[in-house]
Amino acid sequence: MTTAHKPTFHPAIGTANPGGYRYYAPKAQYSSRDLPGHLKLKTRGTGQGSLKEIEQRDLKAELVKKEKDHFQKKEDERRKKLGLPLLKDSEAPQLTLQNVDLSKYNDEDDDDDDDDSDDSDDSDDDNEQAELERELARIRKEREEEKLRKQMEAEEAKANKRNQDALKGNPLLNLGGGANFTVKKRWYEDVVFRNQARDAPKAQKTFVNDTIRNSFHRKFLSKYMK
């Protein structure tokens, strides 16, 4: 709430209530928004999932039914795409523990075979690792030799270029082939009309931070004082 309508005398004094009036007696006025509200705790009514309704429901059966409907819907969609007839509820396959062969998931008989295969796999892995390390060392050696060779070739090329520049850099030492020391002229230096611009060059405006030497003051003096 703004305090622009209140006088500035009381806020200037400074009290425990800054920006407001100084009240010497308790106020009997209060806002309707300060009144207590929501005095009653809200509870779930009938049809809103109350505790009694949840206790009466079989949540497990509902979950099983939803899963069955979901898988049935996915199977129907797959058969529609393949052009097959839809299955009825009685014809749909049911996946239960009774019709699943669990013997193939027994790993107790495979322990001995796994140990033998693990030993052979370890030896093969060691051989492959050693071979890879030798191949990697050979590749690194070849790369280092190639890098050294390129550096030597670059240094040799720089030395040859430096020698050629030193021999041919001075034009007085290369007078063969009819050397000509005349200065070349541009194509427009021998014309009759030269430096004939279409428009006169415009004077550039410059700013001088001085009231006596600036262009406005000079024009004023030349116009009214001469």
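Within 6.0 Å of the CZ atom in R143, the count of heavy atoms belonging to other residues, nucleotides or ligands does not exceed 12. Environment of CG in L148: crowded, with over 12 heavy atoms of neighbouring residues, nucleotides or ligands closer than 6.0 Å. Heavy atoms from other residues, nucleotides or ligands lying under 6.0 Å from CZ of R78 number more than 12.
Proximity of R44 to L51: side-chain heavy atoms (C-beta onward) are nowhere separated by under 4.5 Å. Contact check for E53 versus Q48: no side-chain heavy atoms found under the 4.5 Å cut-off. In this structure, K65 and K68 have side chains that are not in contact, with every pair of non-hydrogen atoms separated by 4.5 Å or more.
The main-chain N or O of L84 is never found under 3.5 Å from a side-chain atom of R79 such that the two would form a donor-acceptor pair.
Distance check: D76 CG to K81 NZ gives 12.5 Å after rounding to the nearest 0.5 Å. Atom CZ of R134 and atom CD of Q129 lie 11.0 Å apart (nearest 0.5 Å). Atoms CG and CG, on N214 and N209 in that order, are 9.0 Å from each other to the nearest 0.5 Å. The CD atom of E128 sits 9.5 Å away from the CG atom of D126 when rounded to the nearest 0.5 Å. Once rounded to the nearest 0.5 Å, the distance linking CG of D34 with OG of S31 reads 5.0 Å.
The two atoms that bring S50 and G45 nearest to each other are CB-O, 4.1 Å, heavy atoms only. In terms of heavy atoms, E62 sits closest to R57 at OE1-NH2, 2.9 Å.
Ring geometry for Y224 versus F220: interplanar angle of 30 to 60°, hence tilted.
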| task | Verify salt bridge (charged side-chain N to carboxylate O under 4.0 Å, His left out) between K52 and E55, making sure each step is shown before the conclusion. | result | CA-CA 5 Å; K52 292 182 179 180; E55 290 176 353; over 6 Å; no
| side chain to side chain contact (heavy atoms under 4.5 Å, CB included) between K161 and K158: does it pass, once the steps are laid out? | CA-CA 5 Å; K161 187 175 184 301; K158 286 183 180 179; 5.8 Å; no
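Checking each of M152, E146, Q151, E145 against R149 for a side-chain contact (heavy atoms from CB on, under 4.5 Å) leaves exactly one that passes, namely E146.
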